[in-house]
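Have a look at the structure below before the remarks.
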Amino acid sequence: MTGLKGIKLTADSPPLLMARADELKLTEQQKQELKSIAEEAQRKATKVLTSEQQSSLGDAPHKPMSMMEIAMMRSSNMHDEKSGEMCPMCKKKMDEMMKGKMMKHKKHEDNHTSRSE
């Protein structure tokens with residue numbers, strides 16, 4: 001997908017270290033330091049962008065997002081003229097995943113409704 005090409009993640013990047021906090025047995029102090037490093041990097045990265053580039057990013061989500069959540073968000077914002085940005089197989093898989101997510105949500109709502117009755 002455009003915008004996600006060429007992303008390189010290293011095993012020692014703060015977000016990936018925090019994701020493995022339990023496995024690595026990180027202390028609360030280490031978690032806080034890694035969070036601070038990640039937030040500082042995010043602030044610095046944003047300062048590099050022009051105001052036009054910053055506005056094209058749109059509103060930042062209120063929580064960290066997985067790559068899959070980002071891809072799903074981007075695909076839901078795509079219009080027909082941009083459909084060429086995602087390979088057909090990826091688009092099909094994404095559509096199937098979105099459909100499955102919606103069906104799970106509907107089942108949850110149905111179960112909640114039947115319990116309330």
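Only this structure's heavy atoms are used, side chains among them; waters, hydrogens and symmetry mates stay out. This chain uses plain numbering: 1 for the first residue, then up along the sequence.
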Going from [atom1] on [X] to [atom2] on [Y], what distance comes out if it is rounded to the nearest 0.5 angstrom?
X: Gln32; Y: Met18; atom1: CD; atom2: CE; value: 9.5 Å
X: Leu17; Y: Lys31; atom1: CG; atom2: NZ; value: 12.5 Å
X: Lys35; Y: Ile37; atom1: NZ; atom2: CD1; value: 13.0 Å

| field | Test item: side-chain donor near acceptor, Gln29 and Glu33, under 3.5 Å | value | yes

| request: Name all residues meeting the salt bridge (charged side-chain N to carboxylate O under 4.0 Å, His left out) criterion together with Lys44; count only those two or more places apart in sequence or in a different chain, and write none if there are none. | output: Glu40

| field | Hydrophobic cluster membership, Leu26 vs Leu16, 4.5 Å side-chain cutoff | value | no

| remark: On a heavy-atom basis, the closest approach of Lys25 and Gln30 is O-OE1, 4.2 Å

